[in-house]
Amino acid sequence: MMRSSTGLARSTMAIASTSFARPAMLRATARPAAASMMAAGGPARIMKRSYHEKVIDHYENPRNVGNLPKGDMDVGTGLVGAPACGDVMKLQIRVGEDGVISEVKFKTFGCGSAIASSSYMTERVKGMTLEQAGAVKNTEIAKELCLPPVKLHCSLLAEDAIKSAIKDYQTKRAKRTAAATPPPSASASTQTAAHA
């Protein structure tokens, strides 16, 4: 091996002689399948799995990431998770007086498909009524993002998250409406009884 003025050859040799590099014999015993492929004349055709470009786009450039104030009466929060894979998704909606979703935010801890499903869902439901948003199905998300069958649970999480956020908003709204409606007073019931 020739010595270069940059010392690249020396540094490569130094790395190869450290304990991090496995000797060829050890590599062959550690990975028998790889060793048999190499002995058979080279690597066999290896199937490569990759995400669809739409998933990559939403993963690398997620839309509407963040939080809304959970205590606001016009905000609904959905927090869902998948114990099998460890994905956790929080989706929040802000609903206007007209019942239309005006703002959506999410935070997801999970794989690229889970993040992409969350991101897509936020774009999809913004501007919808609660009824329309609740009707968005995981199959629509999976189809749009071209998710493989093994990743369908990610789109199901997004569907569950929006439904949970809607339910939370409706619960808050019902409490607010009940608090705003004054209970019938004792004098009103007495007057009603006197007129009877």
Original post:
Taking atom SG of C146 and atom CD of E53, what is their separation to the nearest 0.5 Å?
Top reply: 8.0 Å
Subject >> Expected output: side-chain K54 to main-chain E144 donor-acceptor under 3.5 Å >> reply: yes
Subject >> Full working for side chain to side chain contact (heavy atoms under 4.5 Å, CB included) between C111 and D87 >> reply: CA-CA 7 Å; C111 66; D87 293 346; 3.9 Å; yes
Original post:
Nearest 0.5 Å, what's the CD-OG distance between E97 and S102?
Top reply: 10.5 Å
Original post:
Rounded to the nearest 0.5 Å, how far does NE2 of H153 lie from CG of D160?
Top reply: 12.0 Å
**OP:** Give the minimum heavy-atom separation between I115 and G110, together with the two atoms involved.
**Re:** CD1-O, 3.7 Å
**OP:** Determine, for R63 against D57, whether the closest basic-nitrogen to carboxylate-oxygen distance falls under 4.0 angstrom.
**Re:** yes
**OP:** Could you grab the distance from atom CZ of R124 to atom OG of S117, nearest 0.5 Å is fine?
**Re:** 14.0 Å
Original post:
What closest approach, in Å, do L147 and S113 show between heavy atoms, and which atom pair accounts for it?
Top reply: CD2-OG, 3.6 Å
**OP:** Starting from L157, walk the hydrophobic network (Ile, Leu, Val, Met, Phe, Trp, Tyr; side-chain heavy atoms closer than 4.5 Å) and list everyone else you reach, by chain and number.
**Re:** V80, M89
Original post:
Looking at G66 and K105, what are the two nearest heavy atoms and their distance?
Top reply: O-CB, 3.4 Å
Subject >> Other residues, nucleotides, ligands: >12 heavy atoms within 6.0 Å of K172 NZ >> reply: yes
Subject >> For L156, the rest of its hydrophobic cluster, which grows through side-chain links under 4.5 angstrom >> reply: none
**OP:** Determine the sole option in D168, N64, T122, T77 for which the side chain to side chain donor-acceptor pair (under 3.5 Å) test with Q92 is passed.
**Re:** T77
Original post:
Which heavy-atom pair separates S119 from H58 by the least distance, and what is that distance?
Top reply: OG-ND1, 2.7 Å
**OP:** Hey, could you give me the CG/CD distance between L130 and Q132, rounded to the nearest 0.5 Å?
**Re:** 9.5 Å
**OP:** Take M128 and V136 through the test side chain to side chain contact (heavy atoms under 4.5 Å, CB included) and record every step on the way to the result.
**Re:** CA-CA 10 Å; M128 288 184 164; V136 175; 4.1 Å; yes
Subject >> For Y120 against E140, the heavy-atom pair lying closest together >> reply: OH-OE2, 3.6 Å
Subject >> Listed partners of R94 passing salt bridge (charged side-chain N to carboxylate O under 4.0 Å, His left out), at least two apart >> reply: D72, D74, E103
Subject >> Candidate list I93, N67, I162, V65, test side chain to side chain contact (heavy atoms under 4.5 Å, CB included), partner F106, passing option >> reply: V65
Original post:
Out of curiosity, does I56 fall in the hydrophobic cluster containing L145 (side-chain heavy atoms, cut-off under 4.5 Å, transitive links)?
Top reply: yes
**OP:** Establish whether I166 and V75 are linked, either directly or via other cluster members, by ILVMFWY side-chain heavy-atom contacts under 4.5 Å.
**Re:** no
**OP:** Flag yes if I101 and L68 sit in one hydrophobic cluster, no otherwise; membership is Ile, Leu, Val, Met, Phe, Trp, Tyr, and two members link when side-chain heavy atoms are under 4.5 Å apart.
**Re:** no
